[in-house]
Amino acid sequence: MADRIFSGVQPTGNLHLGNYLGAIRNWVGMQNQYECIFCVVDLHAITVPQKPDDLRQATREVTAAYIACGVDPKKSIIFPQSSVSAHSDLAWILGCHTPLGWLNRMTQFKEKTGKNRDNASLGLYGYPVLMAADILAYRATHVPVGEDQKQHLELARDIAGAFNRYYENDYFPLPEPLIQGPATRIMSLRDGTKKMSKSDESDYSRINLTDDAEAIDLKFRKAKSDMVEGISYDESARPEASNLINIFSALANVSREAVVNDYGARNFSDFKKALSALAIEQLSPITSLMRELLKDVSYIDAVLKDGAEKAGAIAAKNMKQIHEIVGFVQL
Ligand code: AQP
């Protein structure tokens, strides 16, 4: 089977630097090498409450962000998850091959629900099964994601293996995670031990792809630092400094060592100034292109429709085979 890439982002709010450096930026180079399918995962988004108008807007914003970051709709398939029914169809089938014990180990569910577990939806609990279905509906072989999705990817492999074993075939490839570079886990700018996240209530915790130069500069200036002299990398003792070094290293495409070499003897204020200038230089063109693209909703929708048709055709062919394997009568 030829290599096929699948990945996605939830339309749950402003995309941030973590989504860009941990995921989307890595996709761009893959388009020339592999067949790529990039989904806007709106079914995942509704695992927590969403206002319909906000969801529609965020879906178009994520699409614009993909394109502005360099994902080319002529090379890659871009589409909304809800437009291809294979995702929910396969999620049900795979759910019937997923022991509860496997789902109970998922740390993201535990983190997202905390003490409020009884009020969480079945959808949130089953999120990793839907994610497995997203990937396996296309029999994708590689999945580029940030570090936070590693456990879900391992579960997708386990589910694919369980299905193959039960039906005594090797229909599903075991998808390989691609977790690459110094930016696989970008942390909050307010707390270096917490992941940068769309749902963090403090906007100062993240750099949004929609932030202008002034906001980026202010957020880096206000980013938490420590009292240690100089700039050095030590994830456990200096999580905030280490996070800023990782961000610099990813944006400048140089090693952490090179960043520490250049800025080791400087203070936080100088380092943050340089980092903010670098981020502004890289993100401004993306932000302006995103704004331009969003002025033409019909173009965005046309990209999504074209992608939905292409993705739908691949998934429909696979679903017919999957239904046959499972034993559903083909009419
Ligand atoms: N902080 C991060 N560092 C590196 N990569 C990250 N990703 C997310 N946060 C970071 C990667 O971005 C892709 C899309 O993620 P998502 O939006 O679908 O889901 P998420 O991981 O739940 O992102 P958020 O920002 O934390 O959203 P909320 O707050 O809504 O839960 C994935 O490849 C992810 O690894």
Side-chain angles (χ1 to χ4, degrees), residues 5-28 30 36-51 54-55 58-59 61-63 65-66 69 71 78 80-81 87 106-114 120-121 123-124 127-128 130-131 134-135 140 142-156 175-203 205-210 219 223 235 239-240 242-247 249-251:
I5 299 277
F6 180 95
S7 197
V9 172
Q10 296 184 71
T12 42
N14 285 331
L15 291 198
H16 53 72
L17 195 58
N19 299 132
Y20 174 60
L21 293 175
I24 308 174
R25 193 178 71 159
N26 300 329
W27 303 351
V28 177
M30 294 173 182
C36 291
I37 303 175
F38 298 124
C39 190
V40 184
V41 290
D42 50 2
L43 297 177
H44 282 284
I46 63 161
T47 55
V48 292
Q50 302 294 336
K51 295 209 170 80
D54 293 350
L55 181 61
T59 301
E61 275 174 17
V62 170
T63 309
Y66 284 4
C69 290
V71 177
I78 303 175
Q81 188 184 22
H87 293 255
M106 296 298 111
T107 51
Q108 195 179 78
F109 178 74
K110 291 180 196 163
E111 280 163 18
K112 283 203 168 173
T113 53
S121 68
L124 189 63
Y127 179 115
L130 178 59
M131 181 165 156
D134 298 338
I135 300 161
H142 295 83
V143 186
V145 284
E147 178 73 33
D148 59 317
Q149 292 299 330
K150 191 166 175 233
Q151 195 186 33
H152 289 164
L153 242 303
E154 279 160 7
L155 183 75
E176 295 281 345
L178 295 175
I179 301 174
Q180 296 166 333
T184 56
R185 193 168 172 82
I186 297 292
M187 310 309 275
S188 155
L189 298 183
R190 308 299 293 163
D191 176 351
T193 62
K194 253 174 70 185
K195 178 178 97 117
M196 185 178 284
S197 163
K198 297 187 210 101
S199 52
D200 193 314
E201 56 205 29
S202 165
D203 197 51
S205 68
R206 63 185 162 260
I207 303 290
N208 302 306
L209 291 189
T210 47
K219 286 178 179 181
E235 271 180 33
E240 283 81 21
S242 304
N243 186 38
L244 297 181
I245 292 170
N246 279 337
I247 296 175
S249 148
L251 286 171

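Counting convention: from 1, in listed order, for ligands and their atoms alike. The residues of the chain are indexed from 1 along the displayed sequence. When reading the values below, keep in mind they use all heavy atoms of this one structure, side chains included, and skip hydrogens, waters and symmetry mates. These numbers come from a predicted model, not from an experiment.
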Worksheet item: What pairs of residues pass the salt bridge (Lys or Arg N to Asp or Glu O under 4.0 Å) test when at least one of them lies in residues 186-195, not counting sequence neighbours?
Response: Asp148-Lys195, Lys194-Asp200
Considering only distance and modelled atom types, tabulate donor-acceptor pairs under 3.5 Å from the side chains of residues 180-187, sequence neighbours left out.
none

Discussion item. Any non-hydrogen side-chain atom of Asn208 less than 4.5 Å from a side-chain atom of Lys219?
Written reply: yes
Worksheet item: With sequence neighbours excluded, what pairs up with Tyr20 under the ring-ring contact (aromatic ring centres under 6.0 Å, His included) test?
Response: none
Worksheet item: Where does the angle between the aromatic ring planes of Tyr127 and His152 fall among parallel (under 30°), tilted (30 to 60°) and perpendicular (over 60°)?
Response: tilted
Contacts table for ligand 1: protein N or O within a distance under 3.5 Å of ligand N or O, distances only.
| unit_1 | atom_1 | unit_2 | atom_2 | d |
| --- | --- | --- | --- | --- |
| ligand 1 | 1 (N) | Ile186 | O | 2.7 |
| ligand 1 | 1 (N) | Met196 | O | 3.0 |
| ligand 1 | 3 (N) | Ile186 | N | 2.8 |
| ligand 1 | 5 (N) | Gly18 | O | 3.2 |
| ligand 1 | 9 (N) | Lys195 | NZ | 3.4 |
| ligand 1 | 12 (O) | Asn19 | ND2 | 3.1 |
| ligand 1 | 17 (O) | Lys198 | NZ | 2.2 |
| ligand 1 | 18 (O) | Gln10 | N | 3.1 |
| ligand 1 | 19 (O) | Gln10 | NE2 | 3.2 |
| ligand 1 | 21 (O) | Asp148 | OD2 | 2.6 |
| ligand 1 | 21 (O) | Lys195 | NZ | 2.9 |
| ligand 1 | 22 (O) | Gln10 | NE2 | 3.4 |
| ligand 1 | 25 (O) | His16 | NE2 | 2.7 |
| ligand 1 | 25 (O) | Lys198 | N | 2.9 |
| ligand 1 | 26 (O) | Lys195 | NZ | 2.7 |
| ligand 1 | 26 (O) | Ser197 | OG | 3.2 |
| ligand 1 | 29 (O) | Ser197 | OG | 2.5 |
| ligand 1 | 29 (O) | Lys198 | N | 3.3 |
| ligand 1 | 29 (O) | Ser199 | N | 2.8 |
| ligand 1 | 29 (O) | Ser199 | OG | 2.5 |
| ligand 1 | 30 (O) | Thr12 | OG1 | 3.4 |
| ligand 1 | 31 (O) | Lys112 | NZ | 2.8 |
| ligand 1 | 33 (O) | Gly146 | N | 3.3 |
| ligand 1 | 35 (O) | Gly146 | N | 2.8 |
| ligand 1 | 35 (O) | Asp148 | OD1 | 2.5 |

Worksheet item: Quick one: are His142 and Met30 in side-chain contact, heavy atoms under 4.5 Å?
Response: no
